[in-house]
Amino acid sequence: MSIEARKTHDLTVSQTLVAEAESLGLDITGAAEQGIARAIKAEKERRWKIENAEAIQADNDYVAKHGLPLAKYRQF
């Protein structure tokens, strides 16, 4: 099991959020890291959709014109 290198970074966070998180016993650093990871994932997905929009549209057009490939073998 490898331990990922960590980097210290200053963040400005709403005092209200920090107080509420502390009152609930939440790990603020962990929660911030999870939120950043979700934001990164969402942005990568958004960019992938933009970069591949032409291929996605071509595939959708093919299915609209010809139907699903191997549709006759579907059992649902």
Side-chain angles (χ1 to χ4, degrees):
M1 178 170 129
S2 66
I3 298 175
E4 186 176 351
R6 311 290 290 177
K7 181 179 191 298
T8 301
H9 189 81
D10 291 326
L11 294 173
T12 303
V13 182
S14 160
Q15 289 181 351
T16 304
L17 287 176
V18 171
E20 190 168 3
E22 288 174 343
S23 74
L24 294 169
L26 296 177
D27 172 14
I28 296 171
T29 302
E33 189 169 10
Q34 289 173 4
I36 292 167
R38 281 193 302 273
I40 289 169
K41 182 178 185 283
E43 181 61 16
K44 285 182 174 181
E45 288 174 359
R46 186 189 73 81
R47 290 181 184 200
W48 184 91
K49 287 177 184 177
I50 291 169
E51 292 168 3
N52 292 283
E54 189 175 315
I56 293 167
Q57 187 59 51
D59 189 52
N60 289 339
D61 291 346
Y62 177 89
V63 171
K65 184 176 181 180
H66 303 285
L68 290 172
L70 306 175
K72 64 182 177 182
Y73 300 108
R74 292 178 67 170
Q75 296 182 0
F76 54 93

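Just so it is clear, the structure is predicted and the values come from calculations on it, not from any experiment. Positions are given from 1 along the sequence.
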For residues 53-76, please give each side-chain donor-acceptor pair under 3.5 Å, one per line with the distance, not counting sequence neighbours.
residue, atom, partner, partner atom, Å
Gln57, NE2, Asp61, OD1, 2.7
Asn60, ND2, Ile56, O, 3.4

Restricting to salt bridge (Lys or Arg N to Asp or Glu O under 4.0 Å), what partner residues turn up for Lys49, sequence neighbours left out?
none
Connected-component partners of Val13 among ILVMFWY, side-chain separation under 4.5 Å
Leu11, Leu17, Val18, Ile28
Side-chain heavy atoms of Arg6 within contact of Glu33, under 4.5 Å:
yes
Apply the test salt bridge (Lys or Arg N to Asp or Glu O under 4.0 Å) to residues Arg47 and Glu43: give CA-CA distance (whole Å), side-chain angles for both, the deciding distance (0.1 Å), then the verdict.
CA-CA 6 Å; Arg47 290 181 184 200; Glu43 181 61 16; 2.8 Å; yes
